[in-house]
Engineer: 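Structure incoming, see below.
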Protein chains: 2
Amino acid sequence: MSQRDDAIFTERELDIMDVLWDRGSGTVGEVREAIQDELAYTTVLTILRTLEKKGYVGHETEGKAHRYHPLVERDEARESHLRRLLRNLFSGSPELLLTQLVSDRDLSEEELRRLRELLDRRLG
Amino acid sequence: MSQRDDAIFTERELDIMDVLWDRGSGTVGEVREAIQDELAYTTVLTILRTLEKKGYVGHETEGKAHRYHPLVERDEARESHLRRLLRNLFSGSPELLLTQLVSDRDLSEEELRRLRELLDRRLG
DNA sequence: GGTGGTGTACTATATCTATAATACAACCGG
DNA sequence: CCGGTTGTATTATAGATATAGTACACCACC
């Protein structure tokens, strides 16, 4: 029941994973306090437990509480989500995606320059 | 019931929108034939109807059939999904996203060059 | 030694997604 | 004129998602 091949999350799950990634770990109470929206304690617990069932987080007992920690890296999630977007909407073409990323949008020339520099560095 | 503010689709919905975007419009039967997976006629119909309820497609009667057509552009969907990804996983930072896009991935130097050129053109 | 706080486990509900069976209308070809 | 084809409408089911109530355990403190 702990099999996982691709780190894809729902928005709510991401809210919670973000907390764990930022802090390294967290109890239900800690996570609950850290996220923006006001959720019931049991709601956060439930989501953490489904995340655990899916193999994305683990926990160890700490006193009477459970301390949850991520089992996947944030980068792994970024990669999974990006790959899925690429495949689903951009025919797998990074160019199409980059085009969309810089199209009209409120990217300053400054920002565009930084993006180009990033590629320059990548190209050595 | 036809209000829509953001063009976000599920994977199945995207399969169908892709057909409509590619061909301009389609009847249930046409869409069904065009998509990869074998789905029951009624399955395609149901999805088209929920897409219509959400305001993403419209239809007019053609003979006894309904001809569906997109009410949102493919670019609009790309933009919505990309924006959501950016916000949800990349702290809204295009640089982080570009970094992930070119990181390790099997991008050839050729591809990287094309990406840089794209930015060059964008920068005028 | 009972009460409140903190915690987990279990259970429940509403909604959405994915898929499809069933039922029925209408046209067209022989 | 009748049966197959093509189509829509209606209804159903299973699973996922989002949210939370209820029940119960335990410790700490007055």
Engineer: How many Å lie between CD on A:E30 and P on C:dT8, as a whole number?
Structural biologist: 11 Å
Engineer: Please state how far atom NE2 in A:H66 lies from atom C1' in C:dT8, giving the value in whole angstrom units.
Structural biologist: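 The answer, rounded to whole Å, is 7 Å.
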Engineer: Remember a base hit wins even if backbone is also touched, and classify B:T42 as base, sugar-phosphate or nothing at under 4.0 Å, heavy atoms.
Structural biologist: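 Base, at least one base heavy atom under 4.0 Å.
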Engineer: In whole angstrom, give the distance that lies between atom CD of B:E11 and atom P of C:dT19.
Structural biologist: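 Taking CD of B:E11 and P of C:dT19, I get 10 Å after rounding.
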Engineer: For A:R67 and A:T27: C-alpha separation, side-chain torsions, deciding distance, then whether side-chain hydrogen bond (donor to acceptor under 3.5 Å, both in side chains) applies.
Structural biologist: CA-CA 5 Å; A:R67 173 161 296 277; A:T27 63; 5.1 Å; no
Engineer: How many whole angstroms separate atom NE2 of A:H59 from atom P of C:dG7?
Structural biologist: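 In whole Å, C:dG7 P and A:H59 NE2 are 14 Å from each other.
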Engineer: What integer distance in Å separates A:R12:CZ from C:dC16:C1'?
Structural biologist: 16 Å
Engineer: Under 4.0 Å, counting only non-hydrogen atoms across every strand here, what does A:T46 touch: a base, just sugar-phosphate, or nothing?
Structural biologist: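 The residue A:T46 makes base contact.
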Engineer: Is B:Y41 near enough to D:dT5 that one of its side-chain N or O atoms lies under 4.0 angstrom from OP1 or OP2?
Structural biologist: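 Indeed not, no polar side-chain atom of B:Y41 lies that close.
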Engineer: Answer with base, sugar-phosphate or nothing: what part of the nucleic acid does A:R49 contact at a heavy-atom distance below 4.0 Å?
Structural biologist: sugar-phosphate
Engineer: Please report the distance, rounded to the nearest Å, between CG in A:D37 and P in D:dT19.
Structural biologist: 8 Å
Engineer: Tell me what B:T43 touches on the nucleic acid: a base, only sugar-phosphate, or nothing, going by heavy atoms under 4.0 Å.
Structural biologist: base
Engineer: Looking at B:R12 and B:D37, is there a salt bridge between them, counting it only when a charged N and a carboxylate O are closer than 4.0 Å?
Structural biologist: yes
Engineer: B:H59 and B:E52: side-chain donor and acceptor closer than 3.5 Å?
Structural biologist: yes
Engineer: Could you check how far NZ of B:K64 sits from P of D:dT8, rounded to whole Å?
Structural biologist: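 That distance rounds to 9 Å.
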Engineer: Look at A:E79 together with A:R83 and state whether they make a salt bridge at an N to O cut-off of under 4.0 Å.
Structural biologist: yes
Engineer: Can you tell me if B:K54 touches the phosphate of C:dT17, counting only side-chain N or O atoms and a distance under 4.0 Å to OP1 or OP2?
Structural biologist: yes
Engineer: Round to the nearest Å and state the distance from B:R32 atom CZ to D:dT6 atom C1'.
Structural biologist: 11 Å
Engineer: Categorize B:L45 for me: base, sugar-phosphate, or nothing, with a 4.0 angstrom heavy-atom threshold over every strand shown.
Structural biologist: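 Touches a base.
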Engineer: Between A:R114 and A:E117, does any NZ, NE, NH1 or NH2 come within less than 4.0 Å of an OD or OE carboxylate oxygen?
Structural biologist: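 Salt bridge absent between A:E117 and A:R114.
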